[in-house]
*Asks:* 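Before I ask anything, here is the structure I am working with.
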Amino acid sequence: MKLPWAWIMAQQVLQRTGISVRWTDQSHILRGDVAIEHLIRSSSDPPENLPRAANNLSRAGLNFLNQFGTWQTDSIQNIWRFSVSSGVGTRLLPLSAASRDWPVFREWLASLSLTSVVVGDWTLAVPREDRRAFAEQVLKAMIDASPVTAHPLLRSSSEALMASDGSCIPGMPKLHERRSTTFSTVGNRHAAVFSIAGRNSGILQAEVYGLVSAALQASRNPANDTSIYTDHLNSSRLVADSFSNPPSTHAWATKPGRSLYRWLMQILTPIPFSSRPAITYTQAHTDSESLEARANAVADALASRSHYQVIKPATVPDPTFCMDEYTFFTNEDGYIESNISSYISHFQARATVDDKNLLPFRSLYDLHAPPDHPYVRAPSSYSAVVQLYARSHQLPTAFSQFRRSFPTLPWCRAGCRQLETPHHIFVECPSFEEIRTTHELAIVGHTRTLLESSTGIFDNDSSRTLITRAKGLLRDHPIWPTGQSQYFLGMIPSTLESTLTGLNVRTETTVAKTRFVTRLANTWHTEVIRVASRIWGELQRRCNHERNVQRTWG
C-alpha cells in the first residue's frame with residue numbers, strides 16, 4: 001500500500017510544528033473493546049515474545065482486552081490499572097502453546113495502566129457523558145467554593161439575573177504570544193472568576209465559557225425565570241438562532257470555540273422553554289444606570305482585575321466531551337479549535353524566519369552578478385569553498401556534526417557557551433569581533449572612497465544611508481530582509497537603488513548611478529566573503545592547535 005504524498009507531507013508539517021491529533025473519544029479502551037494486537041503494536045516497549053503469546057491466545061479465541069479482565073481504580077495511587085480475571089487460565093487447554101505463554105502475557109496485562117495505553121490525557125477514555133457530568137460537578141463546586149462575594153447591588157435585586165464577561169491580556173494576541181485569559185460570572189447569590197489554560201484560548205473562549213458557567217448555575221433552579229446578560233453579541237445571536245434554526249454539522253465544524261457552544265446548548269436544551277434562561281445582549285462600557293448594564297460592569301471589573309492578582313484564578317476543565325472526534329493539540333496551546341490552516345501558516349513562517357540554518361530566498365537579496373576575480377582569478381579558492389559549504393549546510397560546525405551523531409558537543413569551540421551554528425560563528429561569536437570590526441572599517445572606508453569619487457551625483461542623505469548600510473553588513477541589522485546578516489553566504493542587501501535619492505534625471509547621471517551601484521555591490525561582496533573565509537580559517541587554526549596540544553600532552 002502506498003500512502004498519498006499529501007498525507008506524508010501533512011504528517012511532516014504536523015511533526016515539524018509540534019502538532020498532534022487527539023482522538024477525543026477513546027472510551028472503547030475503558031470498555032475493553034480493543035484488540036490485544038493493537039495494544040501490543042502501540043506499546044512503547046513490549047516484551048520480546050509478547051507478539052507470539054498474543055498470536056497463540058488469539059488461536060484460543062482470546063482476541064480482545066475485555067476477555068481478559070476489567071479496568072479498576074487503584075485506591076492507593078489513584079490511577080486506573082487492568083485487573084486480570086482469575087478464570088482466564090482455566091479456559092486454556094493444558095500443555096497448549098497458549099497455556100505455556102499465559103504467565104508472561106498475564107504479567108504484561110497486570111502492568112498496564114490507563115495512562116500507558118491512552119493517547120493523550122487518560123480522561124479521554126472516559127465516556128463523553130461521564131466526562132461532561134464530572135466537569136459540571138467540578139464547575140459547580142468551584143462556583144460554590146469561590147472566595148468572591150456577590151455584589152450588594154445584585155444581592156438587593158428582586159430579579160433573578162446573572163451576568164458574565166471575559167477578559168484577555170493582551171487584548172488581540174498573536175498566535176505565538178502567551179496570554180492570560182479569564183472570565184467571571186456574577187448573580188444574586190454568587191460571584192466567581194476563573195481562568196482558561198492554553199495559548200490558544202482568547203476572548204471568544206472566555207466569553208462563551210462565562211455563559212456556560214452562568215447557564216450551569218441557572219440550571220440549578222430551572223423554575224426561576226433567569227436572565228443572563230452578556231456583552232458578546234455573536235454568542236447571544238447564535239444561541240437564539242440555534243433554537244429556532246439549529247446549525248448544520250458543517251456549520252459547527254468551522255466555528256471557533258465550538259466545543260463550548262455545544263456544551264452551552266446541551267445545558268440549555270433540556271430546560272423547558274418557559275423557564276429556560278434568556279441570554280440577553282447588553283452593551284458594555286456605557287453610562288447607563290440600568291440593572292443589566294451595571295451587572296455587566298461588575299462582571300467586567302471582576303474578570304479584568306483578576307489578571308493582576310498574586311494568586312491566579314482556578315483553571316476550568318477542558319470541554320473535551322464536546323470537541324470534534326479528532327482535534328489538534330499541542331503542549332503549548334492545548335486543544336486547537338481555531339483555523340488550523342492559519343495556525344500552521346503562522347508558525348511555519350515564524351520557524352522559517354527564526355531558523356538561522358535555513359537558506360534564504362535569493363530574490364530577497366542583491367541580484368548583481370558577483371565579481372569574477374575572487375572566483376576565477378584568485379590564487380586560492382578558500383572564500384568560495386567556505387561559501388559553498390555554508391550554502392549546502394555542510395560546513396563542519398560543532399552543531400552540524402552533533403546533529404549528524406558525531407562524538408562531539410554542539411557548543412562553540414571558540415569558548416562561548418552557545419550552539420556553534422554558521423550564524424553564531426560569523427555574526428555573533430565575540431572571539432571574532434576584532435576581525436569583524438577590522439573589516440567593517442575597511443568596508444566603510446571603501447564606501448566613502450566610492451562616494452567621494454562620485455561627487456555631484458548623490459546628496460547627503462543618500463551618502464549617510466549608504467554608510468549606515470555599510471556598517472550593518474556584518475551585523476544583525478534592519479538593512480537585512482529578515483533582520484539577520486547573511487553575508488557569510490555571499491549575500492548583500494538588495495535595496496541599494498531605493499536608498500539613493502537626490503539623483504538628476506539626466507541620462508548620463510542615471511548611467512553613473514548604475515555604474516556606481518555595480519561597483520559598490522562588487523566591493524561589498526568581495527569584502528564579506530573575505531571576512532567569512534578569515535573567520536573560518538581562524539577557527540580551524542584554533543581547533544587544530546588544541547588537537548595538537550592534546551596529542552602532545554595526551
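A quick note: this is a predicted structure, and the numbers were derived from the prediction, not measured. The figures here come from the full heavy-atom set of this structure, side chains too, leaving out hydrogens, waters and symmetry mates. We're numbering straight along the sequence, starting at 1.
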*Asks:* Using a 4.5 Å cut-off on heavy atoms from C-beta on, say whether the side chain of Thr115 contacts that of Trp80.
*Replies:* no
*Asks:* Return yes when atom OH of Tyr389 has more than 12 non-hydrogen atoms of other residues, nucleotides or ligands closer than 6.0 Å, and no otherwise.
*Replies:*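 Not buried by this count: 12 neighbours or fewer within 6.0 Å.
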*Asks:* With distance as the sole test, does Thr182 use its side chain to make a donor-acceptor pair with the main-chain N or O of Gly166 at under 3.5 Å?
*Replies:*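 No; judged by distance alone, with no hydrogens or angles, the pair does not exist.
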*Asks:* Please confirm whether the backbone N or O of Leu302 pairs with a side-chain atom of Ser184, one donor and one acceptor, at under 3.5 Å?
*Replies:* no
*Asks:* Counting only heavy atoms from other residues, nucleotides and ligands, does the tally under 6.0 Å from NE2 of His176 exceed 12?
*Replies:* yes
*Asks:* Got more than 12 heavy atoms from elsewhere within 6.0 Å of CZ, Arg404?
*Replies:* yes
*Asks:* Which heavy atom of Thr421 sits nearest to which heavy atom of Thr397, and what is that distance?
*Replies:* C-CG2, 4.3 Å
*Asks:* Kindly check if the number of other-residue, nucleotide or ligand heavy atoms within 6.0 Å of CD1 (Ile311) is above 12?
*Replies:*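 No, CD1 of Ile311 has 12 or fewer neighbouring heavy atoms, counting only those of other groups under 6.0 Å.
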*Asks:* Hey, is CZ on Arg199 packed in by over 12 heavy atoms from elsewhere, all under 6.0 Å?
*Replies:* yes
*Asks:* Charged N to carboxylate O below 4.0 Å: is that the case for Asp101 and Arg52?
*Replies:* yes
*Asks:* Once the angle between the rings of Phe399 and Phe402 is folded into 0 to 90°, is it parallel (under 30°), tilted (30 to 60°) or perpendicular (over 60°)?
*Replies:* parallel
*Asks:* If we only count heavy atoms from C-beta on, is the Tyr382 to Ile529 side-chain gap below 4.5 Å?
*Replies:*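 Result no, sub-4.5 Å side-chain heavy-atom pair not found.
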*Asks:* Is there side-chain contact between Cys412 and Arg417, with at least one heavy-atom pair below 4.5 Å?
*Replies:*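 Cys412 vs Arg417: side chains apart.
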*Asks:* Using side-chain heavy atoms (C-beta onward) and a distance below 4.5 Å, is Arg128 in contact with Ser27?
*Replies:*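 Not touching, per the 4.5 Å side-chain cut-off.
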*Asks:* To the closest 0.5 Å, what do you measure between CH2 (Trp108) and CG (Leu50)?
*Replies:*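 The CG atom of Leu50 is 5.5 Å from CH2 of Trp108, to the nearest 0.5 Å.
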*Asks:* Return the CD1 to CG distance between Ile425 and Leu395, rounded to the nearest 0.5 Å.
*Replies:* 6.5 Å
*Asks:* Looking only at side-chain N and O atoms, does Ser259 offer a donor or acceptor that is under 3.5 Å from a partner on Glu337?
*Replies:* yes
*Asks:* Please check if any side-chain donor atom of Thr320 sits under 3.5 Å from a side-chain acceptor atom of Arg131, or the reverse.
*Replies:* yes
*Asks:* Taking all non-hydrogen atoms of both residues, which atom of Pro374 and which atom of Thr526 are closest, and how far apart?
*Replies:*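 The answer is CG-OG1, 4.0 Å.
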*Asks:* Hey, does Glu420 have a side-chain heavy atom less than 4.5 Å from the side chain of Pro410?
*Replies:* no
*Asks:* Do the side-chain N and O atoms of His307 and Ser167 include a donor-acceptor pair separated by under 3.5 angstrom?
*Replies:*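 Result is yes, a qualifying pair exists.
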*Asks:* Assess, by modelled atom type and distance only, whether the side chains of Thr123 and Asp121 contain a donor and an acceptor separated by less than 3.5 Å.
*Replies:*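 Yes.
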*Asks:* Charged N to carboxylate O under 4.0 angstrom, Arg178 versus Glu332?
*Replies:*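 Judged by the 4.0 Å cut-off on N to carboxylate O distance, Arg178 and Glu332 do form a salt bridge.
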*Asks:* Would you say OH of Tyr375 has more than 12 non-hydrogen atoms from neighbouring residues, nucleotides or ligands within 6.0 angstrom?
*Replies:*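 Counting neighbours around OH of Tyr375, more than 12 heavy atoms of other residues, nucleotides or ligands fall under 6.0 Å, so yes.
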*Asks:* Would you say the side-chain atoms of Asp333 and Thr330 include a donor-acceptor pair closer than 3.5 Å?
*Replies:*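 Yes, because at least one side-chain N or O of Asp333 sits under 3.5 Å from a partner of the opposite role on Thr330.
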*Asks:* Do the side chains of Asn200 and Tyr335 get nearer than 4.5 Å, heavy atoms only?
*Replies:* no
*Asks:* When you check the side-chain N and O atoms of Trp122 and Ser113, is any donor under 3.5 Å from an acceptor?
*Replies:*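 Side-chain D/A pair, Trp122 to Ser113: absent.
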*Asks:* Which residue, Arg541, Arg534, Gln540, forms the side-chain hydrogen bond (donor to acceptor under 3.5 Å, both in side chains) with Glu538?
*Replies:*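 Per the side-chain hydrogen bond (donor to acceptor under 3.5 Å, both in side chains) rule, the option paired with Glu538 is Arg541, out of Arg541, Arg534, Gln540.
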*Asks:* When you compare the side chains of Asp366 and His525, does any donor N or O come within less than 3.5 Å of an acceptor on the partner?
*Replies:* no
*Asks:* Between Trp23 and Tyr326, how do the two ring planes meet: parallel, tilted or perpendicular, split at 30° and 60°?
*Replies:*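 Judged by the thresholds at 30° and 60°, the geometry between Trp23 and Tyr326 is parallel.
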*Asks:* Grab the two heavy atoms, one from Tyr365 and one from Pro481, that are nearest each other, plus how far apart they are.
*Replies:* CE2-CD, 3.5 Å
*Asks:* Is the number of heavy atoms from other residues, nucleotides or ligands under 6.0 Å of Glu177 CD greater than 12?
*Replies:* yes
*Asks:* Just by modelled atom types, is the Val119 backbone N or O under 3.5 Å from a matching donor or acceptor in the Gln26 side chain?
*Replies:* yes
*Asks:* Would you please indicate if the ring centroids of Trp263 and Tyr209 are separated by under 6.0 Å?
*Replies:* yes
*Asks:* Does the distance from a Lys or Arg side-chain N to an Asp or Glu carboxylate O, for Lys471 and Glu440, drop under 4.0 Å?
*Replies:*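 No.
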*Asks:* Side chains of Phe105 and Ile36: does their closest heavy-atom pair fall under 4.5 Å?
*Replies:*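 The answer is yes, as the side chains (C-beta and beyond) meet within the 4.5 Å cut-off.
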*Asks:* Could you tell me whether the side chain of Thr518 reaches within less than 4.5 Å of the side chain of Arg515, counting heavy atoms only?
*Replies:* no
*Asks:* Kindly assign one of parallel, tilted or perpendicular to the pair Trp71 and Phe82, based on the angle between their ring planes and the thresholds 30° and 60°.
*Replies:* perpendicular
